[in-house]
Amino acid sequence: MSKPEPLPILCFPDPRLRTVAQPVAVVDERIQQQIERMFVTMYDAKGIGLAATQVDWHERLIVIDVSEERNEPLVLINPEVVWASDEKRKGEEGCLSVPGIYDGVERSVAVKVRALDEKGQSRTVEAEGLLAVCIQHEMDHLMGKVFVEYLSPLKRDRIKTKLLKAQRDAERD
């Protein structure tokens, strides 16, 4: 069987990125196929995480792989944070939906998340460092929030203007 084509990734300020994702009702073949397509898309785009919202699919599904070798895929279906550390740290974040833009966002340094895996089994993931940041970032997408919303209105407007110009220039080419 051939590898599926990467899905198109929505770019900020696309209004569909503001959609709040609905819970996945049942982990079936449809979800399995979406997981596979999302991993192909994430790896193709050189990302470390991708929320279904970013590919215009509004169910609570996240794929992540923060490993250097790109061989530790993590699937979180209907994730919920059950604990987050009080300690927070500001770190540089980027996003496949906000290409070429990086800025500092404050996040909890560790989280514990309960979710379903790709087989529909309940699991708890304890994460710290990059994985914790990635999980929080992707869960924001499921709530219709993009990381630039943590930035000042001035920075956000500059980013929006820059990305809209880049999109217009790309459409002309």
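These numbers come from a predicted model, not from an experiment. The analysis underlying the following values was restricted to heavy atoms, covering all of them including side chains, and did not include hydrogens, waters or symmetry mates.
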> With salt bridge (Lys or Arg N to Asp or Glu O under 4.0 Å) as the criterion, how do Asp117 and Lys119 come out once you've worked through the C-alpha distance, each side chain's angles and the decisive distance to 0.1 Å?
CA-CA 5 Å; Asp117 67 12; Lys119 295 180 180 76; 5.7 Å; no

> How far apart are the closest heavy atoms of Met42 and Val63, and which atoms are they?
SD-O, 3.7 Å

> What pair of heavy atoms forms the shortest contact from Pro23 to Glu59, and how long is it?
O-OE1, 4.2 Å

> Test your reading of the model: is there a side-chain donor-acceptor pair from Asp169 to the backbone of Arg172, 3.5 Å cut-off?
no

> Could you go through the side chain to side chain donor-acceptor pair (under 3.5 Å) check for Glu171 and Gln167 one step at a time?
CA-CA 6 Å; Glu171 286 164 7; Gln167 285 170 15; over 6 Å; no

> Just by distance, no angles: are the side chains of Glu36 and Gln32 close enough, under 3.5 Å, to form a donor-acceptor pair?
no

> Using a 3.5 Å cut-off and no angle test, enumerate the donor-acceptor pairs between side-chain atoms of residues 87-95 and protein atoms at least two apart in sequence or in another chain.
residue: Glu87; atom: OE2; partner: Arg89; partner atom: NH2; Å: 3.3
residue: Lys88; atom: NZ; partner: Ser108; partner atom: OG; Å: 3.2
residue: Glu93; atom: OE1; partner: Arg107; partner atom: NH2; Å: 3.1
residue: Glu93; atom: OE1; partner: His137; partner atom: ND1; Å: 2.7
residue: Glu93; atom: OE2; partner: Arg107; partner atom: NE; Å: 2.7

> Listed by chain and number, what are the side chain to side chain donor-acceptor pair (under 3.5 Å) partners of Lys155, not counting sequence neighbours?
Asp103

> So, for Val40 and Pro4, which heavy atoms are closest and what is the spacing to 0.1 Å?
CG1-O, 3.2 Å

> Does atom CD of Glu68 have more than 12 heavy-atom neighbours from other groups under 6.0 Å away?
no

> In this structure, would Leu10 and Ile159 fall into the same cluster of hydrophobic residues linked by side-chain contacts under 4.5 Å?
yes

> Can you tell me if CG on Asp86 sees more than 12 non-hydrogen neighbours from other groups inside 6.0 Å?
no

> Hey, is CZ on Arg114 packed in by over 12 heavy atoms from elsewhere, all under 6.0 Å?
no

> Are Gln34 and Val55 close enough, and set up right, to give a side chain to side chain contact (heavy atoms under 4.5 Å, CB included), and what steps lead you there?
CA-CA 10 Å; Gln34 188 66 9; Val55 292; 3.8 Å; yes

> How is the hydrophobic cluster of Val113 composed, in terms of its other members, when Ile, Leu, Val, Met, Phe, Trp and Tyr link through side-chain heavy atoms under 4.5 Å apart, directly or indirectly?
Ile48, Ile62, Ile64, Val66, Leu74, Leu76, Val81, Val111, Val125, Leu130, Leu131, Ile135, Met139, Leu142

> Inspect the surroundings of NZ in Lys145 and state if more than 12 heavy atoms from other residues, nucleotides or ligands are less than 6.0 Å away.
yes

> When rounded to the nearest 0.5 angstrom, what is the spacing between CG in Asn78 and CG in Leu116?
5.5 Å

> Indicate yes or no for a side-chain donor-acceptor contact from Ser85 to the backbone of Val109 under 3.5 Å, with no hydrogens or angles considered.
yes

> Between atom CG of Asp14 and atom CZ of Arg16, what is the distance when rounded to the nearest 0.5 Å?
4.0 Å

> What verdict does the side chain to side chain contact (heavy atoms under 4.5 Å, CB included) test give for Glu138 and His141, after you've listed the backbone C-alpha separation in whole Å, the side-chain angles of each residue and the deciding distance to 0.1 Å?
CA-CA 5 Å; Glu138 299 309 333; His141 279 300; 3.4 Å; yes

> Hydrophobic cluster membership, with links at side-chain heavy-atom distances under 4.5 Å among I/L/V/M/F/W/Y: are Phe12 and Phe147 in one?
yes

> Got more than 12 heavy atoms from elsewhere within 6.0 Å of CZ, Arg158?
no

> Looking only at heavy atoms, which two atoms of Val20 and Gln22 are closest? And how far apart?
O-NE2, 3.5 Å

> Provide the closest heavy-atom pair for Ser97 versus Pro99 in the form atom of the first, atom of the second, distance.
C-CD, 3.4 Å

> Report the residues that fulfil ring-ring contact (aromatic ring centres under 6.0 Å, His included) with Phe39, sequence neighbours left out, ordered by chain and then residue number.
Tyr43

> Can you name the side-chain contact (heavy atoms from CB on, under 4.5 Å) partners of Lys46, sequence neighbours left out?
none

> Glu128: what forms a side-chain contact (heavy atoms from CB on, under 4.5 Å) with it, not counting sequence neighbours?
Ala110

> Would one find more than 12 heavy atoms of other residues, nucleotides or ligands at under 6.0 Å from atom CZ of Arg18?
no

> Any side-chain heavy-atom pair from Glu149 and Val146 closer than 4.5 angstrom?
yes

